[in-house]
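Below is one structure; the comments refer to it alone.
Order of the sequence lines sets the chain letters (A, B, ...), proteins ahead of strands, with each chain counted from 1. Keep in mind that this is a model prediction, so the values were computed, not measured.
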Number of protein chains: 2
Amino acid sequence: MDQLSSTFAALADPTRRAILARLTEGPATVKELSEPFDISGPAISKHLRVLEKAGLITRGREAQWRPCQLDATPLREVAVWAENYRRFWDASYARLDALLTEMKENEK
Amino acid sequence: MDQLSSTFAALADPTRRAILARLTEGPATVKELSEPFDISGPAISKHLRVLEKAGLITRGREAQWRPCQLDATPLREVAVWAENYRRFWDASYARLDALLTEMKENEK
DNA sequence: AGGTTAGATAACCAAGCGGTTAGGTACGTG
DNA sequence: CACGTACCTAACCGCTTGGTTATCTAACCT
């Protein structure tokens, strides 16, 4: 699976997006990350592995804790990808598009 | 499933992203959309249904054709969501963050 | 009416996902 | 050492997904 696909796949789960949101406040242990959720530890571990494989988090090793840290690099690619579609949702870009199309028509 | 989740899920497949890319050039029939891919018609139909449910395309009805059209509105939400993480990938924002942290430390 | 084309639906299959429980490992502390 | 804590892996379960083939509908064209 390519980078963008695995990033999108990782972001498709609300629990994982909530984990990323929590990590914007700083690193956290697995226990801390699991507290807001009503699911088991292993379920959180799986989510973290998905996020790690997508390159969205990095994990350290401190005694019995495995602190997680946000790595937003793949999100830049997401933003760049989405921005390519801006002209299809942005009204002013749409008007610009229409203008350019009209000018092309007049050329003929 | 919430809007953002189904949008991300729809974008997680390269075939579907390629379909969206094709639709930036204008509306297309199912047949036209399926041509670049080596998969069956029903498979394309399923992809289109996923895109439709995610609100990323709309479909018309012209005789025996069902032209598909891009609707990029959900992609704006994706861009907005990703932009919230800009300061975690953007170097200048990172430096600003570091500066603010340092200032907080000095306050103590 | 008969044939072709566009497309959807149905039934099926293998693989993946999100969750569980049970059990294992590694570390700090009484 | 014994115990608790933090976390992981393994095995399992039900549902979803991405694909297939076969069959159906709807429209067009002789």
Donor-acceptor pairs under 3.5 Å, side chain of residues 67-76 of chain A to any protein atom, not counting sequence neighbours: which ones?
unit_1: D71(A); atom_1: OD1; unit_2: T73(A); atom_2: N; d: 3.1
unit_1: D71(A); atom_1: OD1; unit_2: T73(A); atom_2: OG1; d: 2.5

Could you run through nucleotides 25-30 of chain D and give me one letter per nucleotide, 5' to 3': B if any protein heavy atom sits under 4.0 Å from the base, S if only the sugar-phosphate is that close, - if neither?
--SS--
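- Annotation: proximity of residues 20-29 of chain A to DNA chain C (heavy atom, distance under 4.0 Å) is found for no residue.
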Solution key, residues 57-64 of chain B side-chain donor-acceptor pairs under 3.5 Å, sequence neighbours excluded:
none

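- With sequence neighbours left out, A10(B) forms a side-chain contact (heavy atoms from CB on, under 4.5 Å) with R16(B), V50(B), L51(B), A54(B), L56(B).
- Judged as a side-chain contact (heavy atoms from CB on, under 4.5 Å), and not counting sequence neighbours, the contacts of A18(B) are F37(B).
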Kindly list each side-chain donor-acceptor pair under 3.5 angstrom involving residues 19-30 of chain A, sequence neighbours excluded, with atom names and distances?
unit_1: R22(A); atom_1: NH1; unit_2: G26(A); atom_2: O; d: 3.2
unit_1: T24(A); atom_1: OG1; unit_2: A21(A); atom_2: O; d: 2.5
unit_1: T29(A); atom_1: OG1; unit_2: E32(A); atom_2: N; d: 3.2

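- Once you apply a 4.0 Å limit to the heavy atoms of chain A, the touched nucleotides of DNA chain C run 5' to 3' over dG18(C) to dG28(C).
- Residues satisfying the side-chain hydrogen bond (donor to acceptor under 3.5 Å, both in side chains) criterion with T15(B), sequence neighbours excluded, are D13(B).
- By the side-chain contact (heavy atoms from CB on, under 4.5 Å) test, P14(A) is found to be paired with R17(A), D2(B), S5(B), residues two or more places apart in sequence or in another chain being considered.
- Taking every heavy atom of residues 4-19 of chain A and every atom of DNA chain C, pairs under 4.0 Å involve D13(A), R16(A), by number.
- Residue pairs meeting the ring pair (Phe, Tyr, Trp, His ring centres under 6.0 Å) criterion with at least one partner in residues 55-84 of chain B, sequence neighbours excluded, are F8(B)-W81(B), W81(B)-Y85(B).
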